[in-house]
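A note on names: the letters A, B, ... follow the listed sequences, proteins ahead of strands, and every chain is numbered from 1.
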Number of protein chains: 2
Amino acid sequence: MSIDHRSGCPINLSLEVFGDRWSLIILRDMIFGGKRHFRDLLNGSLERIASNILADRLKRLMELGMLTRADDPTHKQKAIYSLTEMAITLVPILAHLGAWGRVWLPVSEELSIRAELLEKGGPPMWEKFMDELRHEHLGTPSDTPPDATVRATLQAGYEAIVAGKAPGAMPAPDQLISPIAGRLCY
Amino acid sequence: MSIDHRSGCPINLSLEVFGDRWSLIILRDMIFGGKRHFRDLLNGSLERIASNILADRLKRLMELGMLTRADDPTHKQKAIYSLTEMAITLVPILAHLGAWGRVWLPVSEELSIRAELLEKGGPPMWEKFMDELRHEHLGTPSDTPPDATVRATLQAGYEAIVAGKAPGAMPAPDQLISPIAGRLCY
DNA sequence: GCAAACCAATTGCATTTTGCAATCGGTTGC
DNA sequence: GCAACCGATTGCAAAATGCAATTGGTTTGC
């Protein structure tokens with residue numbers, strides 16, 4: 001408990017980190033959307049974050065050790081934001097959060113397919129995804145081909161829903177949603 | 001998406017429910033602390049919530065379907081707040097949140113022992129805890145004796161730490177904390 | 001029977017955070 | 001050369017938060 005914390009409770013301290021309406025949205029877009037640049041995050045999210053709030057949160061998340069910032073070699077003013085291990089380990093929390101929201105909140109089908117696939121993939125898929133993020137953001141070696149990534153799998157599911165057809169690897173929609181019997185509890 | 005949501009994304013909608021500094025603190029105190037009354041929540045938490053904010057959040061959580069309110073038969077002005085199934089299913093999220101905070105944030109030992117025990121207990125313990133909460137808040141039948149509850153187990157761990165001695169069922173402290181090798185990923 | 005403690009809030013007010021629109025100085029593509 | 005793009009910053013109104021005091025009523029202790 002370095003400075004000015006309300007308590008040393010793990011849940012409280014976690015809330016002090018991302019207990020606001022935007023921090024996790026930004027991390028979601030970086031993790032699931034692969035966004036690395038200010039403009040991508042500004043224009044890419046459905047929730048339309050304001051630029052001053054985005055700037056504030058990026059700064060804050062850097063101070064907290066969740067993100068790092070580096071100059072983009074291809075463009076003198078471009079900055080590349082990277083996830084740290086601290087942020088990458090949020091994947092299971094985001095998976096649970098998505099699963100919970102999918103059961104209890106009025107989610108839209110096309111936006112919840114990713115959460116559904118991630119829930120069905122379970123911890124093995126989360127671990128694979130975290131390894132991919134480590135490769136992408138921390139430079140860790142990886143042997144996953146670009147088309148077999150978890151992100152590509154989730155994206156394919158999304159696009160299949162948007163296109164109105166089921167992808168080959170997907171079960172029928174009525175088998176996917178079973179909030180009671182198949183309730184996620186990892 | 002009934003009214004005024006930023007997007008139908010499950011993570012976004014979840015954040016709209018408890019993406020603030022107090023809602024999850026209140027639910028934490030109800031779930032782990034067994035608090036059911038306004039005064040308990042007001043005076044019981046370390047984070048010292050203000051009474052107007054507590055009142056506002058209780059109202060809000062009721063409107064969202066996370067809590068219900070009933071008159072306490074033993075006291076004409078006393079209100080009893082109960083968790084709904086929607087709130088009870090937050091247990092895995094809180095467990096992950098606590099586990100994450102314990103690894104990455106400056107938690108205090110005595111306040112993180114509960115998170116640690118809950119992490120080690122894993123999904124079976126979370127399920128047991130949720131069943132206990134259903135019994136306590138929803139009146140569901142249960143055959144767990146009062147001294148064998150998950151909450152009592154967590155509380156015993158906490159008190160053992162505070163008293164400065166390890167309880168019988170607890171492994172040595174150096175075995176408990178292994179943030180890398182034993183990282184939680186349920 | 002009566003005061004003190006307790007009950008779930010509510011009120012007023014100052015401070016902080018948020019959301020929005022416009023704009024900044026600089027860089028790149030064409 | 002100039003439009004589009006880059007990561008921000010500024011100004012300002014609105015909303016949320018934090019704090020202290022208070023409300024109208026109930027129960028407890030004696």
Side-chain angles (χ1 to χ4, degrees), chain A residues 3-7 12 15-27 29-30 33-64 66-83, chain B residues 3-7 12 15-27 29-30 33 35-64 66-82:
Chain A
I3 43 155
D4 203 30
H5 292 300
R6 300 189 300 189
S7 85
N12 171 61
L15 283 180
E16 289 187 20
V17 170
F18 44 72
D20 72 276
R21 287 184 138 47
W22 290 111
S23 297
L24 269 191
I25 293 290
I26 293 168
L27 292 167
D29 286 343
M30 291 188 69
K35 309 278 169 62
R36 307 287 298 264
H37 300 289
F38 191 94
R39 286 283 152 172
D40 295 339
L41 291 163
L42 186 65
N43 302 322
S45 81
L46 292 159
E47 292 86 8
R48 315 263 63 207
I49 189 169
S51 64
N52 56 343
I53 298 179
L54 175 58
D56 178 80
R57 291 304 187 282
L58 288 173
K59 184 169 148 238
R60 192 179 132 80
L61 289 170
M62 282 191 285
E63 288 164 359
L64 288 165
M66 307 270 284
L67 299 179
T68 56
R69 201 194 111 118
D71 292 335
D72 186 329
T74 71
H75 189 304
K76 277 189 183 165
Q77 341 175 243
K78 235 170 178 171
I80 290 191
Y81 293 93
S82 298
L83 302 167
Chain B
I3 43 157
D4 206 29
H5 293 299
R6 300 189 300 188
S7 85
N12 172 61
L15 284 179
E16 289 187 21
V17 169
F18 43 73
D20 72 276
R21 286 185 135 49
W22 290 112
S23 298
L24 268 190
I25 293 290
I26 293 168
L27 292 166
D29 287 342
M30 292 188 69
K35 310 277 170 61
R36 306 288 297 264
H37 301 290
F38 190 95
R39 284 288 147 172
D40 295 340
L41 291 163
L42 186 64
N43 302 321
S45 80
L46 293 159
E47 292 87 6
R48 314 263 61 205
I49 188 169
S51 65
N52 55 344
I53 297 179
L54 175 58
D56 177 80
R57 291 303 187 281
L58 288 172
K59 185 169 147 238
R60 192 178 130 81
L61 289 170
M62 282 191 285
E63 288 165 356
L64 288 165
M66 308 271 284
L67 300 179
T68 57
R69 201 194 112 119
D71 292 335
D72 187 330
T74 72
H75 190 305
K76 279 190 183 165
Q77 341 176 244
K78 235 170 179 170
I80 291 189
Y81 293 93
S82 298

Item to check | Residue list, side chain to side chain contact (heavy atoms under 4.5 Å, CB included) with B:Asp40, at least two apart or on another chain | outcome: B:Lys35, B:His37
Item to check | Qualifying residues under side chain to side chain contact (heavy atoms under 4.5 Å, CB included), relative to B:Ala70, sequence neighbours excluded | outcome: none
Are side-chain heavy atoms of [X] and [Y] found at a separation under 4.5 Å?
{"X": "B:Leu41", "Y": "B:Ile49", "value": "no"}
{"X": "B:Arg6", "Y": "A:Arg21", "value": "yes"}
{"X": "A:Asp71", "Y": "A:Ile80", "value": "no"}

Can you measure [X] atom [atom1] to [N] atom [atom2] for me and round it to whole angstrom units?
{"X": "B:Asp71", "N": "D:dT26", "atom1": "CG", "atom2": "C1'", "answer": "13 Å"}
{"X": "B:Asp20", "N": "D:dG18", "atom1": "CG", "atom2": "C1'", "answer": "14 Å"}
{"X": "A:Arg21", "N": "C:dT18", "atom1": "CZ", "atom2": "C1'", "answer": "11 Å"}
{"X": "A:Asp72", "N": "D:dC5", "atom1": "CG", "atom2": "C1'", "answer": "13 Å"}
{"X": "A:Glu47", "N": "C:dC20", "atom1": "CD", "atom2": "C1'", "answer": "17 Å"}
{"X": "B:Arg36", "N": "C:dA8", "atom1": "CZ", "atom2": "P", "answer": "13 Å"}
{"X": "A:Arg48", "N": "C:dT18", "atom1": "CZ", "atom2": "P", "answer": "19 Å"}
{"X": "B:Glu16", "N": "D:dA16", "atom1": "CD", "atom2": "P", "answer": "13 Å"}

Hey, could you give me the [atom1]/[atom2] distance between [X] and [Y], rounded to the nearest 0.5 Å?
{"X": "A:Leu67", "Y": "A:Arg57", "atom1": "CG", "atom2": "CZ", "value": "12.5 Å"}
{"X": "A:Arg36", "Y": "A:Lys78", "atom1": "CZ", "atom2": "NZ", "value": "12.0 Å"}
{"X": "A:Ile25", "Y": "A:Leu54", "atom1": "CD1", "atom2": "CG", "value": "12.0 Å"}

Checklist entry - Which parts of residues 52-64 of chain A get close to DNA chain C, meaning a heavy atom less than 4.0 angstrom away? => result A:Asn52, A:Ile53, A:Arg57
Next on the checklist: Among residues 38-45 of chain B, which ones have heavy-atom contacts with DNA chain C below 4.0 Å?
Outcome noted: B:Phe38, B:Arg39
Item to check | Results of salt bridge (charged side-chain N to carboxylate O under 4.0 Å, His left out) for A:Asp29 - residues two or more places apart only | outcome: none
Checklist entry - Is the phosphate of D:dA16, meaning OP1 or OP2, less than 4.0 Å from a side-chain N or O of B:Trp22? => result no
Checklist outcome for this item: Residues A:Leu46 and B:Ser7: closest non-hydrogen pair is CB-CB, 3.9 Å
Please list, for nucleotides 27-30 of chain C, all pairs of protein and nucleotide N/O atoms separated by less than 3.5 Å.
unit_1 : atom_1 : unit_2  : atom_2 : d
C:dT27 : O4'    : A:Gln77 : OE1    : 2.8
C:dT28 : OP1    : A:Lys76 : N      : 2.9

Item to check | Sidechain-backbone polar pair: B:Arg60 side chain, B:Val17 backbone, donor-acceptor under 3.5 Å | outcome: yes
Checklist entry - Which nucleotide in the list D:dT9, D:dG18, C:dT10 gets nearest to the side chain of A:Ser51? => result D:dT9
